[in-house]
J.: 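Just dropping this structure here.
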2 protein chains.
Amino acid sequence: MNKQVSKRTLYRLPVYLSLLQEKYQEGVEYISATTIANLLGLNHVQVRKDLSCASTAGRPKVGYATDVLIKDLQNFLDYNNAKNAIIIGAGDLGKALLGYNGFTSYGLNIVAAFDNNPVLAGTSVKEKPIFAMEKLPRVMENMNVHIGIITTPAHTAQSIADILVKNGIKAIWNFAPTSLNVPDDVIVQNENMATSLAILSSKLNEKLKNR
Amino acid sequence: MNKQVSKRTLYRLPVYLSLLQEKYQEGVEYISATTIANLLGLNHVQVRKDLSCASTAGRPKVGYATDVLIKDLQNFLDYNNAKNAIIIGAGDLGKALLGYNGFTSYGLNIVAAFDNNPVLAGTSVKEKPIFAMEKLPRVMENMNVHIGIITTPAHTAQSIADILVKNGIKAIWNFAPTSLNVPDDVIVQNENMATSLAILSSKLNEKLKNR
DNA sequence: TCCTTTTTGATATATTTTTATCGATATATA
DNA sequence: TATATATCGATAAAAATATATCAAAAAGGA
């Protein structure tokens with residue numbers, strides 16, 4: 001366990017986890033790497049290798065005990081150890097994320113949003129408050145915030161990132177379609193939907209052409 | 001040009017494109033692979049190789065003409081050739097996507113959303129209509145829809161996918177945190193936010209531990 | 001009890017992706 | 001006009017990732 005985990009493996013672990021939770025709810029007590037691989041369209045050796053980073057629950061001839069594997073994955077991904085996050089930019093996407101409670105099961109607790117628009121300041125979405133930008137330093141200090149989620153338009157994203165960094169944020173989840181310039185010790189994860197869309201679109205095109 | 005494009009390259013092309021558009025607006029007429037690489041934190045050989053798939057605009061000592069490169073990328077990614085899409089599931093996320101007009105510049109035209117909830121049927125978001133599920137076959141037929149976007153909860157996603165496939169959809173953009181079972185000739189692109197979050201969270205953890 | 005089957009986990013091989021090296025080319029300058 | 005330099009594009013090397021093979025372990029039936 002705790003071998004070095006490749007980036008790609010880390011990408012797949014949450015996928016396994018959600019499949020396992022689904023299967024567990026259906027009453028599946030044991031599941032083999034081969035079954036998982038077939039369900040997800042992956043190679044069974046790869047699945048076994050991936051899982052070996054986080055768990056030793058596998059037993060020959062039996063497979064993995066679903067509940068143990070789920071716990072091991074949650075533990076490995078640190079989903080039990082919730083981290084506080086704030087959203088900057090309470091537009092459509094920002095509000096959608098603010099109101100979505102599903103992230104708590106991934107160890108993310110969104111505590112508030114911030115926006116420059118004075119009309120939004122003071123309002124809330126599902127009891128999560130939206131503040132004016134000026135309040136950011138104080139909220140960050142009081143609530144032990146680790147993660148900043150940027151959902152502003154591209155042209156303001158960099159200045160927001162600068163503010164977050166100045167206030168001590170160490171991880172940024174960036175939904176703005178632009179790349180951010182931050183100090184080396186700050187982590188940025190870009191959620192680039194355009195990119196996903198490009199893949200889909202390109203595959204579709206190829207298909208439409210080959211007819 | 002038109003060499004075989006790796007999946008990873010395809011992921012990066014839209015990122016280059018948006019950077020280039022930004023730079024072009026700032027008045028940058030020529031840009032070198034090295035400059036791009038530095039701005040995005042990539043290797044300059046990789047950038048050159050990636051771009052070579054879509055363009056031959058590069059000139060020694062000069063770099064790439066920004067406007068030509070932008071056109072070549074748009075052309076390669078087929079962003080000029082818009083495709084119609086529908087959204088299934090008009091919850092927070094579905095509505096956010098429906099109201100977001102930014103996808104048109106990526107060649108995606110969202111024409112309508114569908115939802116089982118009778119309260120939503122007949123309403124609209126930014127002039128984009130929300131229909132009852134029953135209307136799906138007729139809308140798909142009339143509007144030449146190619147792409148289905150699933151923003152329902154995980155437990156209904158598979159049945160929605162089945163309906164889409166039955167009505168002739170050939171590409172699905174899946175935001176539900178579950179994997180879909182579809183015929184081989186249907187393309188699925190999963191937009192798994194949990195996965196991005198896992199990466200961010202894991203890196204953050206490592207950082208927090210190493211202090 | 002012994003054999004067969006299924007499955008894990010380790011090791012080895014193959015493939016993909018990234019990075020380094022190098023010659024060729026265009027531009028600017030002396 | 002000759003020379004220096006930045007840059008491209010191609011090829012080669014290195015690194016990362018995925019797949020195949022195989023022995024060992026566990027379960028179930030003969």
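Just so you know, these numbers use all the heavy atoms, side chains as well, and skip hydrogens, waters and symmetry mates.
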J.: Could you grab the distance from atom CZ of B:Phe114 to atom CD1 of B:Ile130, nearest 0.5 Å is fine?
T.: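 Going from CZ on B:Phe114 over to CD1 on B:Ile130, the span is 10.5 Å.
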J.: In this structure, how many angstroms lie between the C1' atom of D:dT19 and the NZ atom of A:Lys49, rounded?
T.: 9 Å
J.: Under 4.0 Å between a side-chain N/O of A:Arg48 and OP1 or OP2 of C:dT8, yes or no?
T.: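 Yes, A:Arg48 has a side-chain N/O under 4.0 Å of OP1/OP2 on C:dT8.
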J.: Does the side chain of B:Tyr64 get closer than 4.0 angstrom to OP1 or OP2 of D:dG9 through an N or O atom?
T.: yes
J.: When the distance from CG of B:Leu69 to C1' of D:dG9 is rounded to whole Å, what number comes out?
T.: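 About 15 Å, once rounded to whole Å.
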J.: Phosphate oxygens OP1/OP2 of C:dT27: is one of them under 4.0 Å from a side-chain N or O of B:Arg59?
T.: yes
J.: Taking NZ from A:Lys7 and P from D:dA18, how many angstroms apart are they, rounded to a whole number?
T.: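 Spelled out: NZ on A:Lys7 to P on D:dA18 is 12 Å.
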J.: Consider only side-chain N and O atoms of A:Asp50 and A:Gln46, and report whether a donor and an acceptor are under 3.5 Å apart.
T.: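 There is no such pair between these side chains.
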J.: Rounded to the nearest Å, what distance is computed from the CG atom of residue A:Asn43 to the C1' atom of nucleotide C:dT15?
T.: 13 Å
J.: Taking 4.0 Å as the cut-off, does a side-chain nitrogen or oxygen of B:Arg8 come that near to OP1 or OP2 on C:dT17?
T.: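 Result: no.
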J.: Quick check for you: among C:dT27, C:dT8, D:dA26, whose closest atom lies nearest to any side-chain atom of A:Lys61?
T.: D:dA26
J.: Checking contacts here: which listed nucleotide (D:dT19, D:dC8, C:dT17) is nearest the side-chain heavy atoms of B:Ala33?
T.: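 Output: D:dC8.
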J.: Could you state the atom-to-atom distance from CD1 of A:Ile31 to P of C:dT7 in whole Å?
T.: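 Checked: the CD1 to P distance equals 11 Å.
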J.: Rounded to the nearest 0.5 Å, what's the gap from CG on A:Leu69 to OG1 on A:Thr56? Could you check?
T.: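 The OG1 atom of A:Thr56 is 10.0 Å from CG of A:Leu69, to the nearest 0.5 Å.
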J.: Give the rounded distance in Å between these two atoms: OH of A:Tyr30 and C1' of C:dT8.
T.: 15 Å
J.: Using a 4.0 Å heavy-atom cut-off, does A:Val45 contact any base of the nucleic acid, only the sugar-phosphate backbone, or nothing at all?
T.: base
J.: Rounded to the Å, how far apart are A:Gln46 CD and C:dA10 P?
T.: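 Going from A:Gln46 (CD) to C:dA10 (P), I get 17 Å.
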J.: Counting C-beta onward and ignoring hydrogens, is there a side-chain heavy-atom pair between B:Asn205 and A:Lys83 closer than 4.5 Å?
T.: yes
J.: What is the separation between atom CD1 on B:Ile36 and atom C1' on D:dT7, rounded to the nearest whole Å?
T.: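 Atom-to-atom, B:Ile36 to D:dT7, this comes out as 12 Å.
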J.: Nearest heavy atom decides the nucleotide; on that basis, is B:His44 or A:Leu42 closer to the 5' end of DNA chain D?
T.: B:His44
J.: If you check the A:Val62 side chain, which of D:dA26, D:dT17, C:dT8 turns out closest?
T.: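 Of the options given, the side chain of A:Val62 lies nearest D:dA26.
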J.: Looking at A:Phe175, is its backbone amide N or carbonyl O close enough to the side chain of A:Thr151 to form a donor-acceptor pair, meaning the two atoms are under 3.5 Å apart?
T.: no
J.: Looking at D:dA26, C:dA26, D:dA18, which one has an atom nearest to any side-chain atom of A:Arg12?
T.: D:dA18
